[in-house]
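Down below is the structure, laid out as structure tokens.
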Amino acid sequence: QVQLVESGGGLVQPGGSLRLSCAASGFALDGYSIGWFRQVPGREREGVTCINSRTGFQRFSDSVMGRLIISRENVKNTVDLLMNRLQPEDTAVYYCAAVKYAEFGCPLVADEYNSWGQGTQVTVSS
């Protein structure tokens, strides 16, 4: 059974950092695209970043460019997201998602993904 579990969310002050982790079980990440998305109430789910676990290709949204680092940990079968210089507008529930992906890149569109975690809350506030 394919399962994704996010962890690492919490409360952080503006300018701070937070590391999220997406643990996969029931399948190996190799051959999959893994995406991170975020959502606030009343708004559509927004693509933040993604990584192709086979090619290493990465994509970032304009709103987080230069502030996020996404990495794959092969031994732990996880994809980690280090978020730096966080701002109140980064407050959201963050989800990881996976889809088997044969192409070189990775999609940053929610509808392209078919497995989702339950989400973890990130709150940026002083």
Side-chain angles (χ1 to χ4, degrees):
Q1 181 180 356
V2 172
Q3 188 174 14
L4 298 170
V5 178
E6 303 94 339
S7 61
L11 174 64
V12 62
Q13 292 187 343
S17 299
L18 208 59
R19 181 185 293 273
L20 306 183
S21 185
C22 175
S25 61
F27 72 106
L29 287 174
D30 191 40
Y32 280 76
S33 173
I34 306 298
W36 281 96
F37 295 80
R38 65 187 181 186
Q39 191 169 23
V40 298
R43 298 180 65 178
E44 291 189 358
R45 196 164 291 189
E46 172 193 8
V48 175
T49 181
C50 61
I51 184 170
N52 185 309
S53 61
R54 177 176 58 85
T55 66
F57 179 89
Q58 300 175 13
R59 191 188 302 272
F60 297 88
S61 69
D62 290 343
S63 61
V64 301
M65 186 73 69
R67 299 192 293 124
L68 268 58
I69 298 173
I70 186 171
S71 61
R72 179 192 170 188
E73 303 293 331
N74 291 341
V75 174
K76 296 188 295 182
N77 207 36
T78 64
V79 172
D80 293 343
L81 180 63
L82 175 62
M83 303 189 294
N84 299 309
R85 304 195 304 278
L86 286 164
Q87 299 301 318
E89 52 266 34
D90 294 315
T91 295
V93 177
Y94 283 71
Y95 300 88
C96 69
V99 63
K100 200 163 182 61
Y101 204 70
E103 298 181 28
F104 181 82
C106 63
L108 206 48
V109 178
D111 288 346
E112 297 279 344
Y113 290 83
N114 54 21
S115 295
W116 290 84
Q118 82 289 348
T120 185
Q121 176 71 45
V122 171
T123 303
V124 185
S125 175
S126 56

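If you're wondering where the values come from, they're calculated on a predicted model, not measured in any experiment.
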Shortest non-hydrogen contact from [X] to [Y]?
X: N84; Y: I69; result: ND2-CD1, 4.5 Å
X: F37; Y: A110; result: CE2-N, 3.4 Å
X: A98; Y: N114; result: O-OD1, 3.1 Å
X: S33; Y: Y113; result: OG-OH, 2.9 Å
X: S21; Y: T78; result: OG-CB, 3.9 Å

- Message: I'd like to know if the side chain of R54 and the backbone of Y101 have a donor-acceptor N/O pair within less than 3.5 Å.
- Response: no

With rounding to the nearest 0.5 Å, note down the distance linking [atom1] in [X] to [atom2] in [Y].
X: L68; Y: F60; atom1: CG; atom2: CZ; result: 6.5 Å
X: S63; Y: E46; atom1: OG; atom2: CD; result: 4.5 Å
X: R38; Y: E89; atom1: CZ; atom2: CD; result: 8.0 Å

- Message: Would you call the rings of F27 and Y32 parallel, tilted or perpendicular, taking 30° and 60° as the class edges?
- Response: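 Answer is tilted, since the angle falls between 30° and 60°.
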
- Determine the interplanar angle of the Y95 and W116 rings, folded into 0 to 90°, and report it as parallel if under 30°, tilted if 30 to 60°, perpendicular if over 60°.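 Y95 vs W116 ring planes: perpendicular.
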
- Sub-4.5 Å side-chain heavy-atom contact between C106 and I51: no

- Item | D90 and R67 ion-paired at < 4.0 Å |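 So D90 pairs with R67 through a salt bridge.
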
